[in-house]
Amino acid sequence: MDHNSYAFLISPNNPVPVSDPGSPGLPPDAEMTSTIRLSTARRPEDAPLARVFTPRSAQGGNREAPSPFWIHDGPGGRPWCSVHPVAPDGYDVHAVDGTPLARISRRAGRLLPWPRRVRWSARLLDTPRPVTGKEGTWYAWLTYAVTAPFWFLFALCALVYAFFDGTTDDYTFKRPVRTCWRAQGAGTVLDYRGVSGLYHFEARHLDVRVAYALAVLQTREHRR
């Protein structure tokens with residue numbers, strides 16, 4: 001596993017059945033549902049950093065019934081870790097041998113009685129304090145709140161235009177999602193930038209398996 005800094009992205013794809021149903025650690029109905037790729041990878045045939053597998057029987061689950069997934073090394077296909085739900089917004093990350101690596105939790109955002117952002121936390125087994133990140137910077141949320149009425153009016157006009165024109169463009173005003181996960185004594189260890197869709201990763205300060213699990217879970221949440 002690389003210990004340098006680099007940027008990666010989660011690339012969802014149409015489910016691809018596993019060619020070998022007896023692959024180590026995977027259920028019989030496992031399918032590859034996404035890949036994790038370097039930001040510099042330009043060709044589809046380039047080997048990904050990792051592959052993500054999900055059981056067919058559990059795909060499309062909601063937050064009340066989340067599905068487990070497995071992350072395998074991209075070039076070699078070796079199992080890296082598994083992520084299993086333990087609560088609607090809680091997941092345990094395990095190494096290949098079953099050793100617990102971290103517990104990931106998501107606290108939902110809300111507007112009332114006082115606003116708070118979505119918060120992701122990863123409590124590692126070897127450190128007393130969790131790695132935490134909140135979605136959206138405070139100034140991005142301030143801009144979002146101030147301009148929301150104008151975007152709503154624009155979206156409403158676009159919806160009326162699309163009704164008569166027959167277009168299907170998405171004019172949704174996306175909420176701020178940039179997330180900086182920080183660890184005590186190490187600063188920012190994982191930085192998701194919503195505009196580019198890239199995760200900037202400091203591999204020296206966070207286990208790559210936990211970083212990939214966080215990225216996959218956040219991507220799944222955004223696609224719900």
*Side-chain donor/acceptor of Arg116 to backbone N/O of Ala108, under 3.5 Å*: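 Judged by distance alone, yes, a pair lies under 3.5 Å.
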*asked:* Has Arg51 got a side-chain atom pairing as donor or acceptor with Gly74's backbone, closer than 3.5 angstrom?
replied: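 Side chain of Arg51 to backbone of Gly74: a pair is present.
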*Can you check side-chain contact (heavy atoms from CB on, under 4.5 Å) on Glu31 and Val16, steps first, answer last?*
CA-CA 5 Å; Glu31 295 181 329; Val16 178; 5.9 Å; no
Shortest non-hydrogen contact from [X] toward [Y]:
| X | Y | result |
| --- | --- | --- |
| Ser34 | Pro12 | CB-CA, 3.6 Å |
| Pro66 | Pro88 | CG-O, 4.3 Å |
| Ala102 | Val210 | CB-CG2, 3.9 Å |
| Cys81 | Leu101 | CB-CD1, 4.5 Å |
| Ala47 | Arg37 | C-NH1, 4.4 Å |
| Gly77 | His72 | O-ND1, 3.5 Å |

*Asn13: what forms a side chain to side chain donor-acceptor pair (under 3.5 Å) with it, not counting sequence neighbours?*
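Listed in chain order: nothing, the list is empty.
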*What residues, two or more places apart in sequence or in another chain, satisfy side-chain contact (heavy atoms from CB on, under 4.5 Å) together with Ala50?*
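Scan of Ala50 (side-chain contact (heavy atoms from CB on, under 4.5 Å), adjacent residues dropped) gives Ile36, Ile71, Trp80, Tyr212.
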_Partners meeting side-chain contact (heavy atoms from CB on, under 4.5 Å) with Asn14 (sequence neighbours left out)_ =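 Checked Asn14 against side-chain contact (heavy atoms from CB on, under 4.5 Å); zero matches.
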Could you measure the distance from the [atom1] atom of [X] to the [atom2] atom of [Y]? Nearest 0.5 Å is fine.
| X | Y | atom1 | atom2 | value |
| --- | --- | --- | --- | --- |
| Thr132 | Gln184 | OG1 | CD | 10.5 Å |
| Thr179 | Lys134 | OG1 | NZ | 12.0 Å |
| Ser121 | Leu214 | OG | CG | 9.0 Å |
| Gln218 | Glu135 | CD | CD | 5.0 Å |
| Leu206 | Arg204 | CG | CZ | 12.5 Å |
| Glu202 | Thr188 | CD | OG1 | 8.5 Å |

*Sort out for me which residue in Asp29, Thr33, Leu26 forms a side chain to side chain contact (heavy atoms under 4.5 Å, CB included) with Thr54.*
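When Asp29, Thr33, Leu26 are each tested with Thr54, the side chain to side chain contact (heavy atoms under 4.5 Å, CB included) holds only for Thr33.
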Is the shortest heavy-atom distance from the side chain of [X] to the side chain of [Y] under 4.5 Å?
| X | Y | value |
| --- | --- | --- |
| Leu217 | Ile104 | yes |
| Pro85 | Ser67 | no |
| Tyr192 | Ile10 | no |
| Val177 | His222 | yes |
| Val118 | Arg106 | yes |

*Would you mind listing the cluster partners of Leu9? Hydrophobic ones only (ILVMFWY), side-chain contacts under 4.5 Å, chaining allowed.*
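Leu198, which link up through side-chain heavy atoms under 4.5 Å apart, make up the rest of the cluster.
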*asked:* Show, in sequence, the C-alpha distance, side-chain angles and deciding distance for Leu124 and Asp207, and conclude whether the side-chain contact (heavy atoms from CB on, under 4.5 Å) test is met.
replied: CA-CA 9 Å; Leu124 310 178; Asp207 190 314; 5.9 Å; no
_Run the salt bridge (Lys or Arg N to Asp or Glu O under 4.0 Å) test against Arg220 and tell me which residues pass, sequence neighbours left out._
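Partners of Arg220 under the salt bridge (Lys or Arg N to Asp or Glu O under 4.0 Å) test: none.
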*All salt bridge (Lys or Arg N to Asp or Glu O under 4.0 Å) counterparts of Asp191, not counting sequence neighbours*: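 Asp191 satisfies salt bridge (Lys or Arg N to Asp or Glu O under 4.0 Å) with Arg178, Arg193 once adjacent residues are dropped.
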*Let me see the working for Tyr6 and Thr40 under side-chain contact (heavy atoms from CB on, under 4.5 Å), right down to the final yes or no.*
CA-CA 10 Å; Tyr6 58 91; Thr40 54; over 6 Å; no
*asked:* With side-chain contact (heavy atoms from CB on, under 4.5 Å) as the criterion, how do His84 and Trp70 come out once you've worked through the C-alpha distance, each side chain's angles and the decisive distance to 0.1 Å?
replied: CA-CA 9 Å; His84 294 270; Trp70 291 258; 3.9 Å; yes
*Centroid-to-centroid, Trp181 to His200, below 6.0 Å?*
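No: the rings miss the under 6.0 Å criterion.
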*asked:* Atom CZ of residue position Arg110 - does it have more than 12 heavy atoms of other residues, nucleotides or ligands inside 6.0 Å?
replied: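 More than 12 heavy atoms, drawn from other residues, nucleotides or ligands, come within 6.0 Å of this atom.
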*Is it true that Leu38 and Val189 fall in one hydrophobic cluster, defined by side-chain heavy atoms closer than 4.5 Å?*
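Yes, same cluster.
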